[in-house]
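The sequence lines fix the lettering, A, B, ..., with proteins before strands; numbering per chain opens at 1.
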There are 2 protein chains.
Amino acid sequence: MQLDRLVSFHKALADPTRVRILALLARSPLHGQALAGKLGVKPPTITHHMSKLREAGLVKEKREKNTIYFHLEKTALQRKAVAILEYVERESPMKESSQEWEIVRHFFTPQGQLKHLPAQRKKRWMVLKYLMREFPPGETYTEQTINERLKKYHEDVATLRRELIIHHFMYREKGIYQPNPPELWSEMPG
Amino acid sequence: MQLDRLVSFHKALADPTRVRILALLARSPLHGQALAGKLGVKPPTITHHMSKLREAGLVKEKREKNTIYFHLEKTALQRKAVAILEYVERESPMKESSQEWEIVRHFFTPQGQLKHLPAQRKKRWMVLKYLMREFPPGETYTEQTINERLKKYHEDVATLRRELIIHHFMYREKGIYQPNPPELWSEMPG
DNA sequence: AATCTAATTAGTTATTTATCGAATTAGAGG
DNA sequence: CCTCTAATTCGATAAATAACTAATTAGATT
C-alpha cells in the first residue's frame with residue numbers, strides 16, 4: 001500500500017466517533033438516524049463520518065426505501081489493519097538482527113558518514129552489507145550513480161565499489177552495476 | 001484496549017511524516033538530526049513527532065553522549081495494529097449469524113425500538129439475547145440501570161427484566177443484576 | 001569557565017477537521 | 001401535486017495540529 005492510502009486509513013480510525021461507528025456496524029447494519037441516536041450526534045455529523053469511512057473503504061451501503069443501511073467491510077478492515085506492518089517491513093533490509101546494527105553503527109558518525117572500513121573481515125562485511133541499502137535490488141545502476149551515493153558515506157568511493165564487487169554484493173558488466181540477491185553474497189566471515 | 005488508547009494509536013499513524021519515521025527506524029535506530037535530514041524537516045518537528053510516537057508506545061530511546069537514538073518497538077506496533085479488530089469484535093455478540101439478525105430486526109423499528117416481544121419462543125429468545133448487548137459481562141448492574149437501558153427499547157421494562165431472568169441471561173441477587181456467561185443461558189428453543 | 005552540539009520549549013501561522021443549525025435534495029406514498 | 005422522512009449540502013465555529021523561527025536547556029569536551 002502506498003503512503004497516502006495508508007495514512008488516510010489511519011486517519012479514518014483516528015476519531016472516537018468513527019471507531020464507535022465501526023464497532024456498532026460490526027454488530028449489525030444500521031442506518032444514519034439510528035447511528036446518530038446511539039452516538040448522541042446529529043445526522044450531518046454521521047454523513048460527515050460515513051463519507052470518510054466510505055472513502056477509506058471500510059463501509060459499504062445498501063439503499064432500502066428511503067433508508068440507507070451501512071455495513072462494515074470486515075475483510076477490508078483486517079487487510080488494512082496489518083498494512084502498516086508490511087509497510088515498515090518492506091523498507092527494512094536490516095531486519096535480521098539489531099545486534100548487527102550495534103556493531104556496524106560504531107563505524108559511522110552520527111551524521112551517517114563512514115569513519116573507515118573496519119579491518120576485521122566480519123565487521124567489514126557487515127558494513128558493506130549495510131551500504132547496500134543504497135542499492136535496492138531490481139534496478140541497475142551506472143557507475144556515476146554508484147559514486148554519488150557512496151560519496152555520502154566516504155571519499156574513497158573506488159575502494160567501496162571494489163569491495164562491494166569482491167564480496168559479491170554487486171555484479172558489474174560493461175560499466176553497469178547490478179545488486180545481487182542475498183543468495184549470491186559471499187558468506188559472512190567467521 | 002480502551003477507546004481513547006486505540007484512537008491515539010491511530011492518530012500516531014495518521015500523518016505521513018510519522019509513518020516515514022517508523023519505516024526509517026525499522027531499518028535501524030536513528031537520532032533526531034539524522035531523521036530531520038532524511039525527511040527534510042527541522043529538528044523541532046522531529047521532537048514534536050517523536051513525542052507523539054513515544055506517547056503511543058511505538059518508539060523508545062536510548063541516550064548516548066549528547067545524542068538520543070530512537071528505535072522502533074516492533075512488537076508493540078504489531079500488537080496495536082490488530083487491536084482495532086479485537087475492539088470491533090469484542091462488541092459484537094451477534095457475530096454468530098447474520099441470519100439471526102435478519103429475523104430479529106423485524107421486531108425493531110428503524111429507530112431501534114422494540115415493537116413487541118415475539119410470541120414464538122425461539123424468536124423471543126433471540127430478541128432477548130439481542131437486548132443483552134446492553135449489559136456486557138464483567139460488570140454488575142443496579143435495577144435502576146437496567147431500567148434506564150431497557151427503557152430505550154420498550155416501555156414495559158418489568159416484563160423485559162423478568163424475561164431476561166427467566167431465560168437465565170441474567171442473575172439477580174439482592175437487587176443487583178449480573179449477566180450470565182453464554183454457557184448458563186437457557187438453550188435456544190426449537 | 002567557555003564552548004560546542006543535540007534536543008527541547010515557546011510562540012506563531014496556516015491547515016485540517018469535528019460538530020452543529022438551517023436549508024436543500026431524493027424517494028415513497030397518498 | 002403534496003407531504004413525509006432520511007440524507008445531504010452549505011456555512012459557520014471551535015478545536016486540534018503540523019510546521020517553522022528564535023530562544024533555551026542539557027551534556028560533553030576543551
message: Regarding B:Thr17, tell me which of base, sugar-phosphate or nothing describes its non-hydrogen contacts under 4.0 Å with the strands shown.
response: sugar-phosphate
Can a salt bridge be assigned to the pair B:Glu86 and B:Lys80 using a cut-off of 4.0 Å between side-chain N and carboxylate O? no
NE2 of A:His10 to CD1 of B:Ile84, rounded to nearest 0.5 Å, is 10.5 Å
What is the separation between atom [atom1] on [X] and atom [atom2] on [N], rounded to the nearest whole Å?
X       : N      : atom1 : atom2 : value
A:Tyr69 : D:dA7  : OH    : C1'   : 14 Å
A:Met50 : D:dT8  : CE    : P     : 9 Å
A:Leu30 : D:dA6  : CG    : C1'   : 15 Å
A:Asp15 : C:dT16 : CG    : P     : 17 Å
A:Arg18 : C:dA18 : CZ    : C1'   : 8 Å
A:Leu39 : C:dC20 : CG    : P     : 11 Å
B:Lys52 : D:dA16 : NZ    : P     : 10 Å
A:Arg63 : D:dT5  : CZ    : P     : 16 Å

Picking from [options], which would you name as closest to the side chain of [X]?
X       : options               : value
B:Pro44 : D:dT8, C:dA18, D:dA22 : D:dA22
B:Lys11 : D:dA7, C:dA18, D:dA16 : D:dA16
A:Lys42 : C:dT17, D:dT8, C:dG21 : C:dG21
A:His48 : D:dA7, C:dT17, C:dT8  : C:dT17
B:Asn66 : C:dA6, D:dT17, C:dG27 : C:dA6
A:Thr67 : D:dT17, D:dA7, D:dC20 : D:dA7

Taking every heavy atom of A:Phe70 against every heavy atom of A:Glu61, the minimum-distance pair comes out as CE2-OE1, 3.7 Å
Quick one: is [X] getting a side-chain N or O under 4.0 Å of the [N] phosphate, OP1 or OP2?
X       : N      : value
A:Thr47 : D:dA7  : no
B:His49 : D:dA19 : yes
A:Gln33 : D:dT5  : no

Under 30°, 30 to 60°, or over 60°: which ring-plane class applies to B:Tyr69 and B:His31, parallel, tilted or perpendicular? tilted
(Q) Heavy-atom count check: over 12 atoms from other residues, nucleotides or ligands less than 6.0 Å from A:Gln78 CD? (A) yes
On DNA chain C, more 5' by nearest nucleotide between A:Thr45 and B:Glu61 is B:Glu61
